[in-house]
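First comes the structure, then the notes that go with it.
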Amino acid sequence: MNLAYLDVRHRLGRFIGTSLGVALLFAVVLAMAGIYLGLVDDATILVRSVRTNLWVVQQGTRGPFADMSRLDPSIVARVAAMPSVKRARAFTYQVMQREHAGRSLRFALVGLDFPVDRGEALALTHGRPIVQPHGEIIADASLGLVIGDTLHVAREELRVVGLTKQLLASGGDGLIFATVADAQLLAEDTPSDAIRAERERRTERLRQTDLGRAQPALEALTGDPDFRAPALASSPIAAVLVDVEPARADAVMASLAQWPDTSVFTSAEQEQLLLDGVVDKPRKQLALFAVILVVTSSLLIGAVVYMMTLDKTHDIAVLKLMGASPWRLGGLVLQQALAIGVVGYGIAVAIGVQAFPHFPRRVVLTEDTVMGVFALVLTISTVASILGIVHALRVDPARALEG
Amino acid sequence: MDALRAEHLEKHYGQGDTLVRALQDVSLRVARGSVVALLGPSGAGKSTLVKALGLVSLPNAGRIWFGDQLVVDNGRLLASVQELRRAHLGFVFQRSNLVPFLTARQNVEIACEIGGTSNPKKRALELLDWLEVGHRASSMPDTLSGGEQQRVAIARALANHPKIVLADEPTAALDKVRGRAVMELFRKVAREQDAAVVVVTHDHRTLDIFDELHEMEDGRLSPTALATVAAH
Ligand SMILES: Nc1ncnc2c1ncn2[C@@H]1O[C@H](COP(=O)(O)OP(=O)(O)OP(=O)(O)O)[C@@H](O)[C@H]1O
Ligand SMILES: [Mg+2]
């Protein structure tokens, strides 16, 4: 016979009331954890969604996100030629703002190394990966674009062929993926001052080549914004993504580190670089709130369970005179505390599943979080029952004999 | 054979000016199958004696035997109090003291369970039937009359076939008729369960039910002839 259950059933109202109160507290704890995970997820989703092992970036920089990294595109081939490298891809990244359909569109533009990388690794909610070398993009739905929309930039038409969901840059801007070539086109579609400067740089570079010295007439071409001489291609890339056999990752990294013109990071290091800047402060705030809530819910459960035990003082004395063991009496209190915690937590999870998707901030409720907080709830309930258990064990059986 | 034997029990509360000698050299033997009454004025030490015999509040000195087992020697307990309670003792209180969140049957059943009875539910129903409250088995205590509650409480005291049943003013909350009915049940318990039953009572109208009467006064116990008390 389970005394804890029978007692709870006898005072169902109080039990449910307490469980609901506790449920609200736990729901907020879950929300805190979920918001934090959402922050982490948002900040690092780009690094994870490109799925690579190593990031080769410009020497001395911390990569395309935390820093400004510029690499010569020829490095891709150099990396690809290394042993144990399965694949090397060019990667560009630039945050930009352009007019679209009468509004200002702010996005982070990622260049994919077409045709090696068509964006198959991205989780598309609609549409397809990129199949043409030019004119196709994958955009995040948060930008308000739909399949078939066309962006007019740099005299090019870029058509949306695929959509992602919640794929954001660490700053919160939606991502657009294009081929590296298109991304560079857009990147070069800069205001006139910058164009003039770039034109002069091109002329300068042209003059340094044999071709330029032999045919000065070519200089006229550098003024044409549509002209791109392959031999003069200088548009830098931001990074090289290196896919290696996992077992050989350390070795490849070690030899890449020897190169004078590059630095190399693992994907995890890139994620950490992104997190360092964005997540630290909110994490502390959320952790503080969570601690306060945990303490509050422990006190609430503790107070209610203690009161329930006080109310049963006489019954506990009677049970002691029957010879009930301390285990049975302590267990009675502990089980009730656990029941409040578990039922409250069940309600909290249900609230979370229903409500979190409607939150303005992204709340990530993972199985790990649910299980982790559940373990915390069991601990809280156990700790909260201590006062009640001590009281139950101290009850003098003589009280049963008093009227 | 004696189910319960106490020798030279002493119990005092407080010290110095406030010292109360609640039990003074109290000795008592109660045979199996007999029901005895403890009488005496308020403050005489009746409840103190019951608590000592029930190992609830141990005496400062003296010895107590349950059957032929010495359980208290010079005020010290010689075995596990839980074990002794489960194996030997049944309590009936002034008010029924039923656990309010358990039905009548569950109140008896939990006692059977604690005592380790093999089929507690069956035993509980048998006891309730035996005490003629079987029809209220699934009622909550607060819906039972005082007499019914007290019968359930007696059933609970009998859960583990105790050889000693202690009752402290079990009929105080009952009217004359129901009080007498309960007292008659104690006699039935003594006879049919072969237990020693000790009942503290103020109700002199039911004394004919008892095999022996003991009168307490200022912590001292003296056997009283049935006739003497009946004359009160
Ligand atoms: N816990 C205690 N602390 C101090 N004194 C006590 C305690 N319990 C009982 N006494 C005293 O011991 C004496 C005997 O008390 P007891 O309760 O045994 O009397 P009683 O015969 O049961 O009386 P009543 O008929 O009123 O129930 C009384 O003087 C009482 O005041
Ligand atoms: Mg008394």
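Just the heavy atoms: all of them, side chains too, but no hydrogens, waters or symmetry mates, feed the values below.
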Looking only at non-hydrogen atoms, find the nearest pair between B:K51 and A:A398 and report the distance. CD-CB, 4.5 Å

Output the distance between atom NE2 (A:H10) and atom OG1 (B:T103), rounded to the nearest 0.5 Å. 10.5 Å

What one should report as the nearest heavy-atom pair of A:M322 and B:R156 is CE-CD, 3.0 Å

Please find the pair of heavy atoms, one from B:R86 and one from A:G323, that lie closest to each other, and give the distance. NE-O, 2.7 Å

Closest heavy-atom pair and its distance - A:R328, B:I114: NE-CG1, 3.6 Å

Greater than 12 external heavy atoms within 6.0 Å of B:K188's NZ: yes

With heavy-atom distances below 4.5 Å as the criterion, would you say the side chains of B:Q82 and A:K320 are in contact? no

Would one find more than 12 heavy atoms of other residues, nucleotides or ligands at under 6.0 Å from atom CG of A:N2? yes

Of all of B:I110, B:V50, B:L166, B:D168, which one pairs up most often with chain A through heavy atoms under 4.5 Å apart? B:I110

So, the part of B:P120 with a heavy atom under 4.5 Å from chain A: the answer is neither

If you take all heavy atoms of B:V56 and A:P397, which pair is closest and at what distance? CG1-C, 4.0 Å

Highest number of heavy-atom pairs under 4.5 Å with chain A: which of B:S57, B:A111, B:P100, B:G54? B:P100

Of the backbone (N, CA, C, O) and the side chain (C-beta and beyond), which part of B:L98 lies under 4.5 Å from a heavy atom of chain A, both, or neither? backbone

Write down the atom of B:F101, the atom of A:L3, and the distance for their closest heavy-atom approach. CE1-O, 3.6 Å

Find the distance between CE (A:M1) and CD (B:E113) and round it off to the nearest 0.5 Å. 5.5 Å

At a heavy-atom distance under 4.5 Å, which candidate from A:V318, A:L321, A:V8, A:D315 has the highest pair count against chain B? A:L321

Per-residue contact mode, B:E169 against chain A (heavy atom under 4.5 angstrom): neither

